[in-house]
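Computed from a prediction, not measured in an experiment: that's the story for all the values here. Throughout, protein chains are lettered first and strands after them, A, B, ... in sequence-line order, and every chain is numbered starting at 1.
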Number of protein chains: 2
Amino acid sequence: MSPTVDKRPIQFSLDPKSGVPYYKQIILQVEFAIADGRFVTGDQLPTVRSLAVELKINPNTVARAYNELEIRGIVTTQQGTGTFISNRTIRLTEVEREGMLEGLIRPLITKAASYGFAMDEVINAIRDSYEGIEPRGEEKS
Amino acid sequence: MSPTVDKRPIQFSLDPKSGVPYYKQIILQVEFAIADGRFVTGDQLPTVRSLAVELKINPNTVARAYNELEIRGIVTTQQGTGTFISNRTIRLTEVEREGMLEGLIRPLITKAASYGFAMDEVINAIRDSYEGIEPRGEEKS
DNA sequence: CACATAGTATTAATTTACTAGTACAATGCA
DNA sequence: TGCATTGTACTAGTAAATTAATACTATGTG
């Protein structure tokens with residue numbers, strides 16, 4: 001019930017000790033926020049400068065993260081206006097979608113197999129993981 | 001029909017133009033060979049030196065690959081003896097196994113979701129991928 | 001136009017990753 | 001023991017990745 005803002009602006013944070021580069025941490029946090037519905041199509045991301053100040057890093061680092069996200073079609077940027085979540089699902093053809101999924105899955109399959117996991121184990125684990133993600137609906141009390 | 005050896009020694013190969021570091025290419029080829037049954041528990045990998053000569057790279061690069069594979073529990077090395085495929089599935093507790101699967105799956109889920117893939121699409125794609133891998137059994141005609 | 005706000009470009013410093021050179025240490029067997 | 005075979009350690013050179021300094025360009029509003 002904060003009187004000023006209605007949508008909390010999403011908390012970004014960086015872990016310098018993780019070994020994961022800053023720009024990748026930002027990308028992951030955006031991806032995750034989309035995955036669980038905290039970001040939806042049309043939402044504006046923090047500005048390059050504001051996020052840079054908040055995280056105490058250089059604006060270029062934030063810009064790089066936003067840039068990669070735009071290359072992947074996840075966000076749209078307009079100079080002078082801002083960076084926004086795009087409606088990415090519409091932007092891919094069926095062939096592109098399948099190719100991308102294949103690329104995401106192939107390494108998982110190979111590694112899982114070499115560690116001795118059977119297909120059913122993998123699929124069950126995936127089902128479990130999806131239970132932790134709210135499927136884009138509202139979740140007010 | 002080679003008169004000397006009965007088990008073909010598995011062809012390793014490197015692609016310098018792929019951008020994937022040599023040691024990772026070796027790891028992937030071992031993982032894949034295990035996944036489709038060309039390597040089974042107890043098999044000896046090529047020696048560090050022989051593979052280095054064959055691939056025209058430094059022994060340390062091969063050693064690094066074998067090292068990571070050992071850290072992951074996929075192979076066992078004995079100085080002076082050789083490097084062998086270990087019986088990894090036995091070496092992990094149930095908890096460790098689940099944790100490892102979780103670690104493999106989490107990034108996939110997040111990315112897939114941010115690209116707009118539904119759980120069913122992911123699972124179907126995984127089923128398709130597994131069709132390309134022989135499930136460790138004999139596959140004679 | 002003036003100005004605030006937003007993303008972009010160029011350059012460079014620093015760190016990390018990758019590979020190779022070379023020498024060392026452990027195992028097994030005659 | 002002597003020696004061949006196997007993995008290991010240490011060092012260093014090169015390339016790539018990561019981040020920052022700084023200055024620039026585009027958009028919107030009065």
### Heavy-atom check, side chain of Val30(B) versus side chain of Ile10(B), under 4.5 Å
no
### Task
May I ask you to evaluate whether Thr83(B) reaches the phosphate of dG7(D), defined as a side-chain N or O under 4.0 Å from OP1 or OP2?
yes
### Message
Is it the case that the base of dA6(C) and the side chain of Gln79(A) share a donor-acceptor contact (distance under 3.5 Å, atom types as modelled)?
### Response
no
### Query
Taking only side-chain nitrogens and oxygens of Thr77(B), does any of them come within less than 4.0 Å of OP1 or OP2 of dT8(D)?
yes
### Task
On DNA chain D, check which nucleotide each of Pro59(A) and Val20(A) is closest to and give me the residue with the more 5' one.
Val20(A)
### Task
Using a strict 4.0 Å threshold on nitrogen-to-oxygen distance, state whether Lys17(B) and Asp15(B) make a salt bridge.
no
### Spacing between Glu68(A) atom CD and dG7(C) atom P, to the nearest angstrom
17 Å
### Task
Using only side-chain N and O atoms of Thr61(A), determine if any of them is under 4.0 Å from OP1 or OP2 of dA20(D).
yes
### Query
Taking C-beta and beyond as the side chain, do Val75(B) and Phe84(B) meet within less than 4.5 Å on heavy atoms?
no
### Task
From the options dT8(C), dA20(C), dG28(C), select the nucleotide whose nearest atom is closest to the side chain of Ala63(A).
dT8(C)
## Note on the structure
Of dT18(D), dT6(D), dT22(D), the nucleotide closest to the side chain of Arg49(B) is dT6(D)
### Message
Whole angstroms only, please: what is the NZ-C1' distance between Lys17(B) and dA15(D)?
### Response
19 Å
### Task
Check the distance between dA17(C)'s P and Asn58(B)'s CG and give it to me in whole angstrom.
19 Å
### Query
CD of Gln44(A) versus P of dT5(C): gap in Å, rounded?
13 Å
### Message
Can you measure Leu51(A) atom CG to dT8(C) atom P for me and round it to whole angstrom units?
### Response
14 Å
### side-chain N/O Arg64(A) vs dT18(D) OP1/OP2, d < 4.0 Å
yes
### Message
Expressed as a whole number of angstroms, how long is the span from Lys24(A):NZ to dA17(C):C1'?
### Response
12 Å
### Summary
From CD of Gln78(B) across to C1' of dA26(C) the rounded distance in Å is 10 Å
### Query
Salt bridge or not for Arg106(A) and Glu102(A), using N-O below 4.0 Å?
yes
### Query
Charged N to carboxylate O below 4.0 Å: is that the case for Glu68(A) and Arg72(A)?
yes
### Message
Side-chain N or O of Tyr23(B) versus OP1/OP2 of dC18(C): is the shortest distance under 4.0 Å?
### Response
yes
### Message
Using whole Å, what does the distance between atom P of nucleotide dG7(D) and atom CZ of Phe84(B) come to?
### Response
8 Å
